[in-house]
Engineer: 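First the structure, which I've put down as structure tokens, then a few questions once you've had a look.
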Amino acid sequence: MSTLQPARGTRDLLPDEARRHHHVIETARALSARYGFAEWVTPIFEFTEVFSRTLGETSDVVTKEMYSFTDRGGEQVTLRPEGTAGICRAVISNGLTQSLPVKAFYAGPMFRYERPQKGRYRQFHQIGVELIGAAEPVADAEAIALGWDILAALGVAADTVLEINTLGDGESRTAYRAALVAYFTAHEAALSEDSRARLARNPMRILDSKDEGDRALVAKAPLIGGFLTPAASAFYDGVKRALAGFGVPFVENPRIVRGLDYYCHTAFEFTTTRLGAQGTVMAGGRYDGLIAGMGGPETPGVGWAAGVERLAMLMADPPREEAPIAVVPVGEEAEAHALAVLIGLRKAGLRAEMAYRGNVKRRMQRADRIGARFAVLLGSDEIARGEATVRDLASGTQAAVGLTALAGWIKDHR
RNA sequence: GCGGGCGUAGCUCAGCUGGUAGAGCGCCAGGUUGUGGUCUUGGAUGUCGCGGGUUCGAGCCCCGUCGCUCGCCCCA
């Protein structure tokens, strides 16, 4: 084994895998456009405070997972750990809070310094959408419906479940958090060590603990529903109604919480049981306070992000590419003619390749290896007659075809 | 950051109670100097992850280290 390895948590995407990623991204891009989301490309790194201010000073992403460094000019910068903060920064930077709503789609690499495992990498890829400037519950539902459409188009919808919850507005959340802290403090002795730490840092996280003892306590813990203000409750009802209107099936899960502090109201996750511990395939929610928190005007927003690696693992094989044509010169004298034929096929829009060396046998082997549909053989006989011998590599049958009609003949017979 | 499993040929792996390394696939060449895929004959594979130790002798035992992997935390 070579010592020349990629850095931990990074990997090479060779063609088979790159094609899968590409198919995920292209599918998402096309469907997003259908919903009116245009692609945004924001920088892969930002000033550190873009993330530290918005993600919450205590979140794990900020405290231990960011790839941060000081550049040569002495600026503190960070490789983006997620996409929402950059898009929101760009909305403010470009003065787009004057022309809302903004509907953005993005795709690209993200970076988190974590221990790699199945479906989790230090450099990974996300697709996501942000719908900024719409405070209505229909906006949440439309963003979710788009996500559902994408999962369906990738053929993974049958393996995923949409779970939704509400985190309420600020008032609801404060009241609920206080009730949770009171409840878990009363049962602190029974909590796992991890959850005792969470009690101080992020009590809502106890709700999705995997510890069995915790789960027993969680089952009897107070639910957010009892603490929702009438407005927050009405909003949640509106989202559920709109989801039904869009025809998206969902289940309510009152234990969905968010790791990032800026979420409010709607929280949702598409999960699967097919990826081990990394069951979340697409997740998002509403973040009405984020843009104001960054220094912009009070602006509502809702969005989601999905892991491309996880989707690529779940989906079926992507559509096959068009099989190429292999041009095979017979003898050195034929090479110049073969090159002209090769150029002609490419100009006609066909995928065509010619091996750089080798006798007919080697070139035929090469044709087979690249998965060619036809081999176009050109020897002195054919050239003299202005023809090519076209061999169908699937059936083994051959035909003599005039050079001027070659591209058309192939298009008719493939 | 914490715990389990695993590092042998390009790939997937075998290798007994320690005796100097193998298979399949792939690759290369021939059977076929104008025909691939099938078939057949032959060939090349390797710091046994790395460093140290024990031993007459280590792929195998011991210690350390690096990497991969699964899980915890957290998250897409």
Side-chain angles (χ1 to χ4, degrees), chain A residues 1-9 11 24 55-56 58-65 81-84 107-128 147 160 192-195 197-198 201-202 205-206 208-211 214 256-260 269-272 275-284 303-314 326 328-331 333-334 355 358-383 388-398:
Chain A
M1 191 185 295
S2 170
T3 56
L4 211 48
Q5 293 179 325
R8 180 166 225 196
R11 61 204 196 113
V24 168
L55 297 181
T58 59
S59 73
D60 273 36
V61 171
V62 168
T63 54
K64 60 179 195 192
E65 293 175 2
E82 54 92 44
T84 304
M110 305 291 166
F111 304 84
R112 288 181 201 172
Y113 190 88
E114 297 183 279
R115 191 77 178 262
Q117 53 183 272
K118 187 184 185 69
R120 170 194 289 183
Y121 305 93
R122 289 184 174 179
Q123 175 178 336
F124 61 106
H125 299 81
Q126 286 189 332
I127 52 173
T160 61
S192 67
E193 195 181 324
D194 281 334
S195 285
R198 284 189 275 236
R201 190 162 41 95
N202 193 351
R205 269 284 165 211
I206 300 174
D208 64 352
S209 170
K210 286 170 187 164
D211 182 271
D214 288 351
I256 289 184
V257 294
R258 279 285 85 99
L260 308 181
E269 296 180 2
F270 287 91
T271 60
T272 179
L275 287 180
Q278 272 63 246
T280 304
V281 136
M282 174 182 284
W304 52 254
V308 176
E309 281 79 0
R310 293 180 185 180
L311 290 173
M313 281 189 280
L314 287 175
V328 179
V330 179
E333 331 74 55
N359 56 22
V360 172
K361 181 185 169 102
R362 286 197 61 72
R363 290 176 194 252
M364 287 300 288
Q365 282 177 341
R366 163 90 188 156
D368 190 59
R369 206 172 310 154
I370 65 174
R373 178 76 180 80
F374 294 104
V376 173
L377 289 130
L378 283 161
S380 46
D381 299 357
E382 285 90 345
I383 291 165
T389 298
V390 181
R391 181 177 178 87
D392 182 324
L393 290 174
S395 67
T397 56
Q398 299 193 166

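Proteins come first, then strands; the chains are lettered A, B, ... in the order of their sequence lines, and each starts at number 1.
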Engineer: Figure out the CD/P separation between A/Glu333 and B/U33, and round it to whole Å.
Structural biologist: 17 Å
Engineer: Using a 4.0 Å heavy-atom cut-off across all strands, classify A/Gly128 as base, sugar-phosphate, or nothing.
Structural biologist: nothing
Engineer: Base, sugar-phosphate, or nothing for A/Phe374, non-hydrogen atoms under 4.0 angstrom?
Structural biologist: nothing
Engineer: Assign each of A/Arg369 and A/Arg391 to its nearest nucleotide of RNA chain B by heavy atoms, then name whichever residue's nucleotide is nearer the 5' end.
Structural biologist: A/Arg369
Engineer: With no hydrogens and no angle check, is any side-chain donor or acceptor of A/Arg310 less than 3.5 Å from a backbone partner on A/Thr280?
Structural biologist: yes
Engineer: Here's a test of your reading of the structure: between A/Asp392 and A/Pro116, which maps to the more 5' nucleotide of RNA chain B?
Structural biologist: A/Asp392
Engineer: Does A/Gln365 contact B/U35 through a side-chain donor or acceptor facing the base, at a distance under 3.5 Å?
Structural biologist: no
Engineer: Contact class for A/Glu269 vs. all strands (heavy atom < 4.0 Å): base, sugar-phosphate, or nothing?
Structural biologist: nothing
Engineer: Within the 4.0 Å heavy-atom criterion, would you say A/Ala394 contacts the bases, only the backbone, or no part of the nucleic acid?
Structural biologist: base
Engineer: Please find the pair of heavy atoms, one from A/Met364 and one from A/Arg391, that lie closest to each other, and give the distance.
Structural biologist: CE-CD, 3.7 Å
Engineer: Please classify the nucleic acid contact of A/Asn359 as base, sugar-phosphate, or nothing, using heavy-atom distances under 4.0 Å.
Structural biologist: nothing
Engineer: Check A/Gly119 against A/Met313 and note the closest heavy-atom contact, atom names and distance.
Structural biologist: CA-CE, 3.3 Å
Engineer: Please state how far atom CG in A/Leu377 lies from atom P in B/U35, giving the value in whole angstrom units.
Structural biologist: 10 Å
Engineer: Where the side chain of A/Asp368 is defined as all heavy atoms beyond and including C-beta, which of B/G36, B/C72, B/C74 is the nearest nucleotide?
Structural biologist: B/G36
Engineer: Would you indicate what A/Val281 reaches in the nucleic acid, counting non-hydrogen atoms under 4.0 angstrom: base, sugar-phosphate, or nothing?
Structural biologist: sugar-phosphate
Engineer: Could you tell me the separation between the CZ atom of A/Arg198 and the P atom of B/C73, rounded to a whole number of Å?
Structural biologist: 6 Å
Engineer: Look at all strands and tell whether A/Gly331 reaches a base, only sugar-phosphate, or nothing, counting heavy atoms closer than 4.0 Å.
Structural biologist: nothing
Engineer: Using the side-chain heavy atoms of A/Glu65, tell me which of these nucleotides is nearest: B/C74, B/C70, B/G37.
Structural biologist: B/C74
Engineer: Could you work out the separation of B/U17 and B/C13 based on their P atoms and round it to a whole Å?
Structural biologist: 22 Å
Engineer: Nearest to the A/Arg310 side chain among B/A76, B/C72, B/U35, which nucleotide is it?
Structural biologist: B/A76
Engineer: Without hydrogens or angle criteria, can the side chains of A/Asp211 and A/Ser192 be said to hold a donor-acceptor pair below 3.5 Å?
Structural biologist: no
Engineer: Base, sugar-phosphate alone, or nothing: which one does A/Glu382 contact when heavy atoms must sit under 4.0 Å apart?
Structural biologist: base
Engineer: Select base, sugar-phosphate, or nothing to describe what A/Ala283 touches, counting heavy atoms under 4.0 Å on all strands.
Structural biologist: sugar-phosphate
Engineer: Count the heavy atoms belonging to other residues, nucleotides or ligands that lie under 6.0 Å from CZ of A/Arg366, then report whether that count exceeds 12.
Structural biologist: no
Engineer: Indicate, with a heavy-atom threshold strictly under 4.0 Å, whether A/Arg362 touches base, sugar-phosphate, or nothing.
Structural biologist: sugar-phosphate
Engineer: Using the C1' atom as the reference point in each nucleotide, state the distance between B/U45 and B/C11 in Å, no decimals.
Structural biologist: 13 Å
Engineer: Counting any heavy atom closer than 4.0 Å, what does A/Arg366 reach on the DNA or RNA strands: base, sugar-phosphate only, or nothing?
Structural biologist: nothing
Engineer: Rounding to an integer number of Å, can you tell me how far A/Tyr121 OH sits from B/C70 P?
Structural biologist: 7 Å
Engineer: Take atom P in B/C72 and the same atom in B/A76, then report the distance between them in whole Å.
Structural biologist: 16 Å
Engineer: Tell me yes or no: between the side chains of A/Glu382 and A/Thr389, is some donor less than 3.5 Å from an acceptor?
Structural biologist: yes
Engineer: Quick one: is A/Arg8 getting a side-chain N or O under 4.0 Å of the B/C68 phosphate, OP1 or OP2?
Structural biologist: yes
Engineer: What is the distance, rounded to the nearest whole Å, between atom CZ of A/Arg11 and atom C1' of B/G67?
Structural biologist: 17 Å
Engineer: For A/Gly83 and A/Gln126, which heavy atoms make the closest approach, and how far apart are they?
Structural biologist: N-OE1, 4.2 Å
Engineer: What are the two closest non-hydrogen atoms of A/Phe111 and A/Phe124, and how far apart are they?
Structural biologist: N-CE2, 4.0 Å
Engineer: Residues in salt bridge (charged side-chain N to carboxylate O under 4.0 Å, His left out) with A/Arg122, at least two apart?
Structural biologist: none
Engineer: In whole Å, what separates the P atom of B/G53 from that of B/A58?
Structural biologist: 12 Å
Engineer: Tell me: CZ of A/Arg363 to P of B/G34, nearest whole Å?
Structural biologist: 13 Å
Engineer: Figure out the CE/P separation between A/Met110 and B/A76, and round it to whole Å.
Structural biologist: 11 Å
Engineer: B/G71, B/G37, B/G34: which one has an atom nearest the side-chain heavy atoms of A/Gln117?
Structural biologist: B/G71
Engineer: Any idea which of B/C72, B/C70, B/G37 is nearest the A/Asp194 side chain?
Structural biologist: B/C72
Engineer: How many whole angstroms separate atom CD of A/Glu193 from atom C1' of B/C74?
Structural biologist: 16 Å
Engineer: Measuring only the P atom in each nucleotide, how far is B/U20 from B/C48? A whole number of Å is fine.
Structural biologist: 15 Å
Engineer: Only Watson-Crick and G-U wobble pairs, only distances under 3.5 Å, only runs of 3 or more: what stems does that leave for RNA chain B?
Structural biologist: B:1-7 with B:66-72, B:10-13 with B:22-25, B:27-31 with B:39-43, B:49-53 with B:61-65
Engineer: Could you work out which one of B/G3, B/A76, B/G36 sits closest to the side chain of A/Arg115?
Structural biologist: B/G3
Engineer: Suppose you measure atom P in B/U35 against the same atom in B/C68; what distance do you get, rounded to whole Å?
Structural biologist: 48 Å
